[in-house]
Amino acid sequence: MKIATWNVNSLNVRLPHVLKWLEENPIDVLCIQETKMTDDKFPQAAIEAAGYHVVFSGQKTYNGVAIISKLPMADVVKNNPLYEDAQQRIIAATIDGVRVVCAYVPNGQSIDSDKYQYKLGWLAAFHDWIKSEAAQHPQIAVVGDYNIAPEDRDVHDPAAWEGQVLVSVPERAALQRLLDIGLADAYRLFEQAEKSFSWWDYRALGFRLNKGLRIDHILLSPALVARCSACIIDRVPRKWEQPSDHAPVVATLD
DNA sequence: ATGGCTCGTGTAACGAGA
């Protein structure tokens, strides 16, 4: 099973990219974030016509998540049952015995913002829910746009970013608490090139100069770590016309 | 240089993203 996560930054704009990428890559499960559309606008028919099942949870303008899967999905959950949230940021499903959680973690905007406090509270509740999900599902993958760069090596210019949102100590601690449940960052199970990122700013030639952050992650339970033979970031669609600012992260489970 | 670009909204700028 190949499982991927990709923040598409508007499925309205990026549906052709998603379909092209699925056509060119043998992906079994693709979790997408920032669909930015209500469920009545979701392009379900186009995705099903491409040979996939899809479940989705969206809202107008902001957020919105979906899981696209070759195999049928069961036990679909939208949002965290432990956390009242008007924003649509989580969808989960069980696929071929694997519990897949697709999450769009709040950005936080800046560390002095109300949105930063929302992010930390959201992450605390997410931790509690994932802990119970992991206890019930030995094979669990918790994937998505975490909006957190785990370490300085995941940041193009750690000095410039020090203490800022996406790299601050409380955010990194929240991510570490998720790992402490027993989950592993699939990307770091393997040797990777230095300066590997999953997001690059649209501005100031961010991608061409590789000024990026690694903020999209695939976290795996021990039973899935045992099955995981590769994890890569696919930079190819970031080079396409009118790209998302994020690249897909792909884990191979044998 | 706290911007740079790209979204949605709505049809002009502006908020938000990261």
Side-chain angles (χ1 to χ4, degrees), chain A residues 5-18 21 31-43 56-66 85-90 102-123 126 143-175 187 195-217 233 235 237-249:
Chain A
T5 180
W6 191 8
N7 180 324
V8 297
N9 184 16
S10 170
L11 190 56
N12 265 329
V13 178
R14 234 66 68 183
L15 179 62
H17 302 65
V18 169
W21 191 71
C31 295
I32 60 176
Q33 301 87 35
E34 283 207 270
T35 57
K36 297 188 177 179
M37 56 176 58
T38 50
D39 290 351
D40 59 307
K41 302 276 201 321
F42 194 91
F56 43 90
S57 177
Q59 66 183 88
K60 195 177 175 186
T61 311
Y62 301 113
N63 311 312
V65 285
D85 193 357
Q87 304 187 20
Q88 305 305 305
R89 295 181 173 278
I90 297 172
C102 169
Y104 175 46
V105 176
N107 170 283
Q109 198 166 64
S110 68
I111 60 166
D112 56 2
S113 162
D114 290 346
K115 291 174 183 158
Y116 182 76
Q117 295 307 321
Y118 165 66
K119 181 179 193 175
L120 294 180
W122 192 98
L123 281 163
F126 188 62
V143 318
D145 177 357
Y146 280 78
N147 271 317
I148 301 170
E151 301 176 61
D152 281 352
R153 61 177 166 163
D154 302 310
V155 181
H156 69 92
D157 185 349
W161 278 86
E162 190 181 359
Q164 303 288 319
V165 72
L166 311 189
V167 309
S168 74
V169 169
E171 291 166 86
R172 285 176 167 174
L175 179 57
Y187 196 71
K195 301 194 179 300
S196 290
F197 307 124
S198 66
W199 168 88
W200 302 262
D201 202 312
Y202 283 125
R203 299 165 294 184
L205 305 174
F207 184 66
R208 202 191 302 177
L209 300 174
N210 197 30
K211 290 182 170 178
L213 304 172
R214 193 175 70 89
I215 55 178
D216 301 271
H217 308 301
I233 297 170
R235 297 161 57 104
R238 187 64 175 78
K239 300 170 189 168
W240 291 346
E241 231 10 60
Q242 204 177 6
S244 168
D245 43 359
H246 294 252
V249 184

Which nucleotide wins on minimum distance to the side chain of [X], given the candidates [options]?
| X | options | value |
| --- | --- | --- |
| Tyr104(A) | dG17(B), dT9(B), dG8(B) | dG17(B) |
| Thr61(A) | dC7(B), dT9(B), dA18(B) | dT9(B) |
| Lys60(A) | dG8(B), dT9(B), dA18(B) | dT9(B) |

To the nearest Å, how far apart are [X] [atom1] and [N] [atom2]?
| X | N | atom1 | atom2 | value |
| --- | --- | --- | --- | --- |
| Lys115(A) | dA16(B) | NZ | C1' | 6 Å |
| Asn9(A) | dA18(B) | CG | P | 8 Å |
| Asn107(A) | dG15(B) | CG | P | 16 Å |
| Gln109(A) | dC14(B) | CD | C1' | 13 Å |
| Asn7(A) | dT6(B) | CG | P | 16 Å |
| Leu205(A) | dG3(B) | CG | P | 19 Å |
| Tyr202(A) | dG8(B) | OH | P | 10 Å |
| Trp6(A) | dG17(B) | CH2 | P | 21 Å |

Which sits closer to the 5' end of DNA chain B, Leu11(A) or Ala204(A), going by the nucleotide each is nearest to?
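That would be Ala204(A).
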
Could you pick out which residue, Lys211(A) or Lys36(A), lies toward the 5' side of DNA chain B when each is mapped onto its nearest nucleotide?
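Its nucleotide being nearer the 5' end, the pick is Lys211(A).
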
Using a cut-off of 4.0 Å on non-hydrogen atoms, how would the nucleic acid contact of [X] be classed: base, sugar-phosphate, or nothing?
| X | value |
| --- | --- |
| Phe207(A) | nothing |
| His156(A) | nothing |
| Asn63(A) | nothing |
| Asn147(A) | sugar-phosphate |
| Asp216(A) | nothing |
| Val13(A) | sugar-phosphate |
| Gln164(A) | nothing |

side-chain N/O His246(A) vs dA18(B) OP1/OP2, d < 4.0 Å:
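Yes, within the criterion.
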
Give a yes/no on whether any side-chain N or O of Arg203(A) is located under 4.0 angstrom from OP1 or OP2 of dA18(B).
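No.
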
Between [N] and [M], how far apart are the two [atom1] atoms, rounded to whole Å?
| N | M | atom1 | answer |
| --- | --- | --- | --- |
| dT2(B) | dG17(B) | C1' | 15 Å |
| dA12(B) | dC7(B) | C1' | 16 Å |
| dA13(B) | dA18(B) | P | 26 Å |
| dG15(B) | dG10(B) | P | 14 Å |
| dA16(B) | dA1(B) | P | 27 Å |

Whether Tyr146(A) and His217(A) hold their rings parallel, tilted or perpendicular, with breakpoints at 30° and 60°
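Tilted, since the angle between the ring planes falls between 30° and 60°.
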
According to the interplanar angle, ranging from 0 to 90°, do the rings of Trp200(A) and Phe197(A) count as parallel (below 30°), tilted (30 to 60°) or perpendicular (above 60°)?
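Ring orientation, 0 to 90° scale: perpendicular.
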
Could you list the residues that satisfy side chain to side chain contact (heavy atoms under 4.5 Å, CB included) with Pro243(A), not counting sequence neighbours?
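Partners of Pro243(A) by the side chain to side chain contact (heavy atoms under 4.5 Å, CB included) criterion, ordered by chain and then number, come out as Arg238(A).
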
If you measure from the Lys or Arg side-chain nitrogens to the Asp or Glu carboxylate oxygens, is any gap between Arg172(A) and Asp152(A) under 4.0 Å?
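Salt bridge between Arg172(A) and Asp152(A), a charged N being under 4.0 Å from a carboxylate O: yes.
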
Identify the two heavy atoms, one from Glu171(A) and one from Ser168(A), that lie closest to each other, and give their separation to 0.1 Å.
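Result for this residue pair: OE2-OG, 2.5 Å.
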
Measure the shortest side-chain to side-chain distance between Pro237(A) and His17(A) over non-hydrogen atoms and say whether it is less than 4.5 angstrom.
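In short, these two side chains do not touch, never coming nearer than 4.5 Å.
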
So, Trp240(A) versus Trp21(A), ring centres under 6.0 angstrom or not?
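No - the distance between ring centres of Trp240(A) and Trp21(A) does not fall below the 6.0 Å cut-off.
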
